[in-house]
Amino acid sequence: MTKLQTLLKKQIACPRAINWVGDRNLETAWRECERADWMLWLCGRMQGTDGWSTRQEIVLTACNCAESVLEIFEKKYPHDKDPRNAIATARAWAKGKASIEEVRSASFAASSSGDTAACTAAAYAAYATYAAAYTATYAADTAAYAADTAAYAADAAAYAAADAADAARNKKLKALADLVRKQLKVPNLSNHR
């Protein structure tokens with residue numbers, strides 16, 4: 001078992017992620033992973049550990065992932081600004097300009113946006129930002145909801161382009177992974193083989 005697989009098991013990663021890692025080291029896995037949810041999850045679990053991203057950086061990245069859903073949602077519900085407000089409030093929290101109570105309130109307002117794929121994506125996005133901001137205990141929840149956000153965003157994009165559903169979904173998932181890669185950091189990569 002590699003150091004990275006051991007780290008993932010210790011953090012209680014899903015078996016699918018551990019199997020995917022195989023003999024990759026952290027640097028290779030980080031570069032090749034196309035699952036933003038796994039990447040956010042790992043950063044969330046490791047936040048506060050030397051060399052890893054901070055909770056605020058993770059929240060801001062989760063906000064950027066969630067924001068990628070907004071165009072789809074707002075096209076269908078142009079007057080519902082609750083999801084956008086939840087993301088803005090989480091951003092404000094990350095910059096020290098909003099309380100966790102304000103984040104919680106905005107998140108709950110956004111989560112009542114409805115039950116279509118786009119509405120569900122917005123609700124997951126809002127909860128992801130709230131969970132990320134709230135406490136390290138919710139790091140796994142953040143990743144789970146961010147994963148759902150990514151999946152719903154990709155599915156909504158795929159429905160919009162039904163003739164290229166798989167390509168649209170895969171493109172969206174890759175774009176989210178690239179966003180996470182660009183915005184979050186991992187420590188000395190060569191030590192985790």
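- For L184 against E57, the heavy-atom pair with the smallest separation is CD2-O, 3.5 Å.
- Nearest heavy atoms, M39 versus W30: CB-CZ3, 3.8 Å.
- The list of side-chain hydrogen bond (donor to acceptor under 3.5 Å, both in side chains) pairs with a residue in residues 83-92, not counting sequence neighbours, reads N64-R91, E67-R91, E74-R84.
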- Item | Verdict with supporting geometry, L42 and L8, side chain to side chain contact (heavy atoms under 4.5 Å, CB included) | CA-CA 8 Å; L42 181 59; L8 293 174; 4.0 Å; yes
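- A donor-acceptor pair is defined here as one N or O able to donate and one able to accept, closer than 3.5 Å; such a pair exists between the side chain of S53 and the backbone of K185.
- What you find for W93 and S99 is that their closest heavy atoms are CD1-C, 4.1 Å.
- The side chain to side chain contact (heavy atoms under 4.5 Å, CB included) check on T6 picks up M1, with sequence neighbours excluded.
- With a 6.0 Å radius and a threshold of 12 heavy atoms from other residues, nucleotides or ligands, N19 has its CG atom above the threshold.
- The OG1 atom of T2 sits 9.0 Å away from atom CG of L7, with the distance rounded to the nearest 0.5 Å.
- Note that OG of S105 and CG of D82 are 9.5 Å apart. Values are rounded to the nearest 0.5 Å.
- Listed by chain and residue number, nothing satisfies the side chain to side chain contact (heavy atoms under 4.5 Å, CB included) test with A88 (two or more places apart in sequence, or in another chain).
- Checking side-chain atoms of Q5 against main-chain N and O of G22 turns up a donor-acceptor pair under 3.5 Å.
- Partners of T61 under the side-chain hydrogen bond (donor to acceptor under 3.5 Å, both in side chains) rule, at least two apart in sequence or in another chain, are Q183.
- Judged as a salt bridge (charged side-chain N to carboxylate O under 4.0 Å, His left out), and not counting sequence neighbours, E34 has no contacts.
- T49 contributes a side-chain N or O that, together with a main-chain N or O of M46, makes up a donor-acceptor pair within less than 3.5 Å.
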- Steps toward side chain to side chain contact (heavy atoms under 4.5 Å, CB included) verdict (I18, K9): CA-CA 7 Å; I18 296 168; K9 279 193 173 215; 3.5 Å; yes
- Please test W52 against C43 for side chain to side chain contact (heavy atoms under 4.5 Å, CB included), starting from the C-alpha separation and ending with a verdict. CA-CA 7 Å; W52 290 85; C43 287; 4.2 Å; yes
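- Here the shortest heavy-atom pairing between V180 and C65 reads CG2-SG, 4.0 Å.
- Between the CH2 atom of W41 and the CD atom of Q11 there is a distance of 6.0 Å, given to the nearest 0.5 Å.
- Between the E32 side chain and the A29 main chain, no donor and acceptor come within less than 3.5 Å of each other.
- Salt bridge absent: D178 and K182 never bring a charged side-chain N and a carboxylate O closer than 4.0 Å.
- Between the R181 side chain and the C33 main chain, a donor and an acceptor come within less than 3.5 Å of each other.
- Residues W20 and L4 share a single hydrophobic cluster, defined by chaining ILVMFWY side chains whose heavy atoms lie under 4.5 Å apart.
- Going from atom CZ of R24 over to atom CZ of R31 covers 10.0 Å, rounded to the nearest 0.5 Å.
- In this structure, L26 is a member of the same hydrophobic cluster as V21, with clusters built from ILVMFWY side-chain heavy atoms closer than 4.5 Å.
- Heavy atoms of other residues, nucleotides or ligands lying less than 6.0 angstrom from NZ of K81 number more than 12.
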